[in-house]
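Take a look at the structure below.
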Amino acid sequence: MLALGKLLELTLAGREPCEKIQLTPHGVKLHWLAEGALLVSPPASADLGLDLLISAGVHGNELVPIHVLDHLIRALARGEIRPRARLLLLFANPAAMRRTLRQVDHDLNRLFRGAHADVWGSEAIRAAELEALVSSFFGGSGRQRRHYDLHSAMRPSRLPQFAICPWREDQQAPAEALARLQGLAIDGVLLQRQATPTFTALTAMRHGAEAFTLELAESGVKAVHPAVLAFETGLIAMIEGRTLPVGSGAELQLLQISREIIKRSPRFRLCLPPDIENFTPLPLGSLLAEDEAARWVVDEPGARILFPMADVAEGQRAALIVVPLERLEAGQ
C-alpha cells in the first residue's frame, strides 16, 4: 500500500509524508495537499467529470465516519478502488480528532461561510484553510460537484442513516440527488429552512455543489452496522462510475425543522430521557425543555426530536423539533 494510504495515521501524528505525490499501478495520482487533505485524480482517460468531496472528522469524537474515510483511502492506495471521479478527501478537524473531542475551541461546523473571522482558536484557523482547499478543488468549470460531509449522531435513531440538506436559494434536493441518497442507504432527509454556517452550506451556496451532511448509523462494539456497509458499497460504486445499488424500496422520508431549542442559561434542562432515540415521536402537549424564562412544549402534530444534547455551551442548540415535510407545508 502506498504511504499516503495511511493519511489518518499521518494526521493523528501531526506528520507530513516524505513523498507528497504517489501513483498507483493503475495511474491514479494521490497528492497530499495539507494536514488531513488528500487529492485523488484518476487518469484523464477514465475521468467522468465529477468532482467529489468527502469529509469526516468535523467533530473529532465521531469515530464511525472517520473510520469509513480511512477504509476508503486505504483501499484507493492499494488499488482496490479505481476511481473515475476526482476526489478531495478531508479529515476536517485534526486537533479535535487527536483528543477524541467534539471540538477544541469552537464547533467547526458553525465556522464556515466566513464565520471563522469572528472567533479565535484552532477551529477558526482550520475553517479558513478548508475554505481555501475547497475553493481550489471546485475551481474548474463544466464539472459536476458533490460534497458528502460524514457525521455520526452518536445515539440510536429511528432512521438509522439520514441526510441534512443545506438551504439554498434555488431548488433544494432535486429528485436525482435524492435517488443517489437512497443508493447510499440513506433513510431520510432533513431540509433546512434557512442559511447556516455549516461545511455543506459553504459548498452548496458558494460553489453550487450537491451537498449533504450525512449522519451514519452507530456501529456496535465489534461489528459495523449493516447500513454503514451498504453506504460504503454505494459510495465506492459512485467513485468508480458504476450504477448505485438499488435502495431498500422504502420511501425516503422528508422532514423539516419546525423549531430549535436553544440553551440560554446554566439552568437549562432537557426534559427527555438521556438515551432517547433520534426521531422519536413527541406527544402533543409534552414538556421538552425549560430554562430561566422559557418552556418548550410540543404543539406540532407529528413532531419528532433530533440531536438532543443538554451539555452544550450557552447560546447553542440543545435539540431540534422536526416534522414530516407535508405536515409543515399544510400548516403554512
Side-chain angles (χ1 to χ4, degrees), residues 56-71 96-97 100-103 107 109 148-165 181-182 184-192 198 200 212-235 247-261 263 268-284 286-289 296 298 300 302-312 316-325:
V58 165
H59 297 135
N61 61 342
E62 296 177 5
L63 302 183
V64 171
I66 291 171
H67 292 315
V68 167
L69 184 54
D70 179 44
H71 295 160
M97 288 168 54
T100 322
L101 295 175
R102 178 178 175 84
Q103 63 194 56
D107 186 340
N109 214 25
Y148 297 127
D149 185 29
L150 311 185
H151 286 253
S152 173
M154 300 183 69
R155 69 170 57 238
S157 177
R158 300 288 178 93
L159 298 178
Q161 298 193 140
F162 58 97
I164 301 172
C165 178
L181 291 179
Q182 285 192 288
L184 294 173
I186 300 300
D187 303 292
V189 181
L190 177 66
L191 304 176
Q192 293 190 314
T198 63
T200 52
F212 293 95
T213 303
L214 301 185
E215 300 283 349
L216 302 184
E218 281 296 320
S219 300
V221 176
K222 296 183 179 180
V224 178
H225 196 290
V228 174
L229 295 176
F231 168 76
E232 291 181 338
T233 298
L235 187 60
S248 63
E251 184 177 355
L252 197 67
Q253 295 192 41
L254 300 181
L255 303 109
Q256 199 158 15
I257 298 170
S258 177
R259 284 185 286 161
E260 289 187 329
I261 298 176
K263 181 177 181 177
F268 176 85
R269 184 172 72 93
L270 268 180
C271 305
L272 296 166
D275 58 350
I276 190 170
E277 296 180 336
N278 278 328
F279 299 106
T280 295
L282 301 171
L284 282 171
S286 59
L287 178 64
L288 294 180
W296 286 266
V298 179
E300 301 95 334
R304 308 178 194 183
I305 196 69
L306 183 61
F307 299 140
M309 288 184 293
D311 188 21
V312 296
Q316 289 192 2
R317 182 191 74 204
L320 291 174
I321 304 171
V322 303
V323 295
L325 184 60

List the residues meeting side-chain hydrogen bond (donor to acceptor under 3.5 Å, both in side chains) with [X], not counting sequence neighbours, and say none if there are none.
X	value
E260	none
E277	R158
E62	H59, H151

Sequence neighbours left out, what passes side chain to side chain contact (heavy atoms under 4.5 Å, CB included) with [X]? Give chain and number order.
X	value
H67	L63, H71
L229	V224, E232
P160	D187, A217, H225
N278	A153, R155, S157, F162, L306, F307, P308

Heavy-atom check, side chain of I305 versus side chain of L272, under 4.5 Å: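 Yes. Closest side-chain heavy atoms under 4.5 Å.
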Distance in Å, [X] [atom1] paired with [Y] [atom2], rounded so as to fall on 0.5 Å steps:
X	Y	atom1	atom2	value
I186	L214	CD1	CG	5.0 Å
L270	W296	CG	CH2	9.0 Å
I261	L320	CD1	CG	8.0 Å

The criterion is salt bridge (Lys or Arg N to Asp or Glu O under 4.0 Å); which residues satisfy it with R317, sequence neighbours excluded?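 In terms of salt bridge (Lys or Arg N to Asp or Glu O under 4.0 Å), with neighbours along the sequence ignored, R317 is linked to no residue.
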